[in-house]
A.B. asks: 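Can you keep this structure in mind? I'll have questions shortly.
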Number of protein chains: 2
Amino acid sequence: MTDKPLVNKRGQTEQEYLRTYDASQFERPSVTVDMLIFTVVDEQEENYRKLSPKSLQILLVKRGEHPFLGQWALPGGFVSPRESLEDAAKRELFTETNIQNIYLEQLYTWGDVGRDPRMRVISTSYMALVDSSTLSLQAGDDADEAEWFRIEDKWLKETKTATENGTVTEKWLELRLVNAKEELSATIKITKTIANRIVQVKREIVDAGNIAFDHAKLIQYALERLRGKIEYTDIAFALMPELFTLSELQQVYEVILGKELLAAAFRRKVADKVLETNQYRKHAGHRPSKYYRFNPEWMEQS
Amino acid sequence: MTDKPLVNKRGQTEQEYLRTYDASQFERPSVTVDMLIFTVVDEQEENYRKLSPKSLQILLVKRGEHPFLGQWALPGGFVSPRESLEDAAKRELFTETNIQNIYLEQLYTWGDVGRDPRMRVISTSYMALVDSSTLSLQAGDDADEAEWFRIEDKWLKETKTATENGTVTEKWLELRLVNAKEELSATIKITKTIANRIVQVKREIVDAGNIAFDHAKLIQYALERLRGKIEYTDIAFALMPELFTLSELQQVYEVILGKELLAAAFRRKVADKVLETNQYRKHAGHRPSKYYRFNPEWMEQS
DNA sequence: AGAATAGTGTCTCTAAGACATTATCGG
DNA sequence: CCGATAATGTCTTAGAGACACTATTCT
C-alpha cells in the first residue's frame with residue numbers, strides 16, 4: 001500500500017502481528033446450518049375430471065441420537081473449517097436429497113444460548129425450494145429416516161394490549177406437520193411490540209410437539225418468509241417443473257398463500273413472466289391446457 | 001416424557017449421553033456481529049427560507065490494529081459464550097453510541113472462508129436505525145475514532161448476457177462514504193444469474209477503497225435492504241424524532257430511496273400512519289407546518 | 001349430455017402519478 | 001410584495017377484484 005510498512009502500537013507490521021496472533025484466545029461457539037427444504041406435491045384425487053390438489057411439504061429427519069432422540073428435526077450439520085456457510089448448506093442439501101443447483105436462500109441465524117443442551121450452537125437456516133418432479137426420481141433413497149411432511153398452520157388466537165407508548169400484539173399459531181405415519185403439532189407465540197415508533201417481533205415455542213430443538217420456530221419463520229417472498233419475487237418458479245400449466249402455477253401460489261386467487265387476475269399478473277409453448281396437457285376430462293415455461297427475460301426489480 | 005427412559009444405540013439415556021459428550025470434537029469458527037448503524041442528519045443550508053437537505057449517514061470506526069490497520073471498518077466484535085447474538089449486537093451498539101432501545105434488525109450472516117486473515121470468522125450483520133436528534137446529545141464521546149460518514153451509491157455500468165438456459169446480469173456500483181476529513185470509495189460488482197428458472201445473486205468487492213475486510217459488501221447489502229424495507233414497512237419512523245413534519249418525513253424517504261417523491265401522493269400514503277398534533281414548526285420564512293407523531297395503532301401487515 | 005377446467009372480456013374500485021391551486025409565513 | 005414551503009383538489013392512468021361468458025375436452 002505504502003512504502004513504509006504500517007505498524008501498530010506495539011510496533012508490529014501486519015506479518016509480525018499475524019505470526020504472533022493467538023487465534024484460540026476466545027471461546028468459540030459451534031456453527032451449524034439447518035435446511036428448510038420445501039416442495040409442492042400432488043395429492044391423490046379420485047374424480048378423474050378434477051385437478052389433483054397440491055400440498056406444501058417439508059423434509060424432516062428423525063433423530064437417532066440424544067438430545068431429542070426419536071423426535072423430528074430439520075436436516076443440517078456442522079460447518080467445517082474449510083467450507084463457506086453456503087457450501088455447507090449445499091453439501092447438506094445434496095447429502096439429504098441428491099439434488100444440486102436448486103433455489104437456496106439464507107433466511108436467518110439463530111443465536112440464543114441454550115438452543116442445544118450439549119453446547120453453544122449458533123445456526124443459520126437456509127431455505128431450499130425443490131421441483132417435486134425432479135425429486136420423485138430418487139425419493140426415499142439412502143437417507144436414513146428422512147421424510148416429507150405436509151405443512152399447514154392455523155391461526156389460534158390473538159390479543160392486543162395498549163401500553164404506555166404503543167401496543168403489544170400476541171398471536172398464537174398451530175403448526176401442523178402431517179405424514180402417512182406421523183402427525184406433529186407445535187404451538188408458537190408471536191409477540192409484536194410497538195413502543196416509541198419501533199416495531200419488534202419475537203417468536204416463542206409454547207409447545208414443541210415432538211419437533212426437536214427450536215426447529216418449530218425455524219419452520220414457522222421460513223413459512224412466513226416463503227409466503228412473503230412469493231408475492232413480490234418469482235421464487236414460485238423454483239417449485240415448478242420445466243413445463244407447467246397456468247392452473248398448476250396458480251395452485252402453487254394458492255397452497256403457499258393459503259387462499260384462493262381469481263384466475264383472471266392471476267393470469268394477467270404472470271403473463272409477462274412466462275412463455276407459451278405449443279404443447280398441451282390432455283386426457284384430463286376437460287379442455288386441454290397449454291403448457292408454459294419460465295421467461296428468463298423477465299427481469300424482476302432489484 | 002415416558003416412564004421408560006429413551007436410550008440411544010449405545011444404550012445411553014440423555015443424561016448419560018450428555019455427561020460423556022465431548023463438545024470440543026469439532027474445530028469451531030469465531031463468531032462476530034457487525035453493526036450497520038444508520039441515521040439521517042440535516043446538512044447546512046445558507047438560505048434561511050429553504051429546508052435543510054438531509055443526508056443518510058453510517059457509523060464507522062478506524063482500525064487501530066492489524067489487519068487493515070488505519071482503515072475504516074464497521075463497529076462490531078466477538079459474541080461471547082454466554083450472550084445471544086442479539087444481545088451481542090445490542091452490547092456493541094450501546095458501547096459505540098450509548099443508545100439503547102432502538103430499531104435493530106438482523107440482516108445477513110457472512111460465512112466465506114478467508115474473510116479475516118487471522119482465522120475463520122463468521123459474522124452476522126445487524127442494521128440499527130437511530131434518530132439523529134437523540135444522537136446529537138452524545139456525539140463524539142468516549143468512542144475512540146468512531147465517525148459518521150455520509151453514504152451514497154452510484155450506478156456505474158451494467159452488462160446482460162444470454163446463456164444456455166437463462167441470462168447473466170453484471171452490475172457495477174460505486175459506494176462513496178464521505179466525511180469532513182475522509183472520503184472512501186469502493187467498487188462492488190453484483191452478479192445476477194438466472195438459470196433454469198432460478199435466480200441467484202452474488203456480490204464481489206472489485207475495489208475495497210480503504211474499507212476494511214469485506215465491509216464494503218456488507219454496507220452495500222444493508223443499503224439495498226434499507227431501501228427495500230422502507231417501501232413496504234414503517235421503519236422510516238425509527239429514523240424520526242418524536243415529533244416531525246410530513247415534509248421532513250418525505251425528505252427521509254427521498255434521501256434513502258435516492259429520488260424525489262410527489263408531495264400529494266406521499267401525504268395520502270402516510271396519512272393513516274401518523275397522528276396530527278396541534279403544534280407547528282414556525283419561524284422558517286414560509287407557511288408553518290404541522291407536527292405529526294407516529295400512530296401506534298397503525299398495524300402494518302406481517 | 002354434462003362435469004369439469006381453460007381462457008377471455010369487461011365493469012368497477014382503488015391507489016398512484018401528475019399537476020394545478022390555494023394558504024401562510026418572514027422579510 | 002416576494003420567495004419559499006404547506007396543504008389540498010382533481011384529472012388521468014394502471015392494476016386488482018369481481019364475475020360473467022365462451023371454449024373444449026373425456027367418459
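Lettering follows sequence order; numbering is per chain, from 1.
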A.B. asks: Find the bend of the helix from C/dA1-D/dT27 to C/dG27-D/dC1 as the angle between its two terminal axes (five pairs each), to the nearest 10°.
C.D. replies: 10°

A.B. asks: Show, in sequence, the C-alpha distance, side-chain angles and deciding distance for B/Tyr221 and B/Tyr108, and conclude whether the ring pair (Phe, Tyr, Trp, His ring centres under 6.0 Å) test is met.
C.D. replies: CA-CA 9 Å; B/Tyr221 180 73; B/Tyr108 196 78; 5.3 Å; yes

A.B. asks: Heavy-atom distance under 4.5 Å between the side chains of B/Leu246 and B/Tyr292, does that happen here?
C.D. replies: yes

A.B. asks: Map A/Gly285 and B/Arg287 onto DNA chain C by nearest heavy atom, then report which one ends up closer to the 5' terminus.
C.D. replies: A/Gly285

A.B. asks: Where along residues 245-266 of chain B does a heavy atom come under 4.0 Å from DNA chain C, residue by residue in number order?
C.D. replies: B/Leu262, B/Ala264

A.B. asks: Tell me what B/Lys282 touches on the nucleic acid: a base, only sugar-phosphate, or nothing, going by heavy atoms under 4.0 Å.
C.D. replies: nothing

A.B. asks: Tell me which donor-acceptor pairs under 3.5 Å the side chains of residues 251-268 of chain B have, and how far apart each pair is, sequence neighbours excluded?
C.D. replies:
residue	atom	partner	partner atom	Å
B/Gln251	NE2	B/Ser52	O	3.1
B/Glu254	OE2	B/Gln250	NE2	3.2
B/Glu254	OE2	B/Leu261	N	2.8

A.B. asks: Could you give me the CA-CA distance, side-chain angles and deciding distance for A/Glu43 and A/Ser55, then say whether side-chain hydrogen bond (donor to acceptor under 3.5 Å, both in side chains) is met?
C.D. replies: CA-CA 7 Å; A/Glu43 302 273 291; A/Ser55 76; 2.9 Å; yes

A.B. asks: Out of A/Leu36, A/Leu218, A/Leu56, which residue meets the side-chain contact (heavy atoms from CB on, under 4.5 Å) rule with A/Leu223?
C.D. replies: A/Leu56

A.B. asks: Step by step, work out the side-chain hydrogen bond (donor to acceptor under 3.5 Å, both in side chains) result for B/Glu297 and A/Thr167.
C.D. replies: CA-CA 7 Å; B/Glu297 295 301 315; A/Thr167 59; 5.7 Å; no

A.B. asks: Kindly check if the number of other-residue, nucleotide or ligand heavy atoms within 6.0 Å of NZ (A/Lys160) is above 12?
C.D. replies: yes

A.B. asks: Please report the shortest heavy-atom distance between A/Glu158 and A/Trp155, naming the atom on each side.
C.D. replies: OE1-NE1, 3.4 Å

A.B. asks: B/Glu45 vs B/Asn47, test: side chain to side chain contact (heavy atoms under 4.5 Å, CB included). Steps then yes/no.
C.D. replies: CA-CA 6 Å; B/Glu45 172 57 51; B/Asn47 184 339; 3.5 Å; yes

A.B. asks: Tell me which residues in residues 48-56 of chain A put a heavy atom below 4.0 Å from DNA chain C, sorted by number, or none.
C.D. replies: A/Arg49, A/Lys50, A/Leu51

A.B. asks: Please walk me through it: do B/Ser185 and B/Glu183 pass side-chain hydrogen bond (donor to acceptor under 3.5 Å, both in side chains)?
C.D. replies: CA-CA 7 Å; B/Ser185 164; B/Glu183 187 167 330; over 6 Å; no

A.B. asks: Of all nucleotides in DNA chain D that come within under 4.0 Å of a heavy atom of chain A, which is furthest toward the 5' end and which toward the 3' end?
C.D. replies: D/dA16 to D/dT27

A.B. asks: Do B/Asn179 and B/Trp148 get their side chains close enough for a donor-acceptor pair, meaning under 3.5 Å?
C.D. replies: no

A.B. asks: State, with a plain yes or no, whether a side-chain heavy atom of A/Thr187 is found less than 4.5 Å away from one of A/Leu156.
C.D. replies: yes

A.B. asks: Just wondering, do B/Gln200 and B/Lys192 contact through their side chains at under 4.5 Å, heavy atoms?
C.D. replies: no

A.B. asks: Evaluate the side-chain proximity of A/Val130 to A/Leu239: yes if any heavy-atom separation is below 4.5 Å, no if none is.
C.D. replies: no

A.B. asks: Nearest nucleotide by nearest heavy atom, which residue falls closer to the 5' end of DNA chain D, B/Arg267 or B/Asn47?
C.D. replies: B/Asn47

A.B. asks: Report yes if some heavy atom in the side chain of B/Thr169 is under 4.5 Å from a heavy atom in the side chain of B/Thr191; otherwise report no.
C.D. replies: no

A.B. asks: Taking 5' to 3' order, which nucleotide of DNA chain C is first and which is last to have an atom within less than 4.0 Å of a heavy atom in chain A?
C.D. replies: C/dG2 to C/dT10

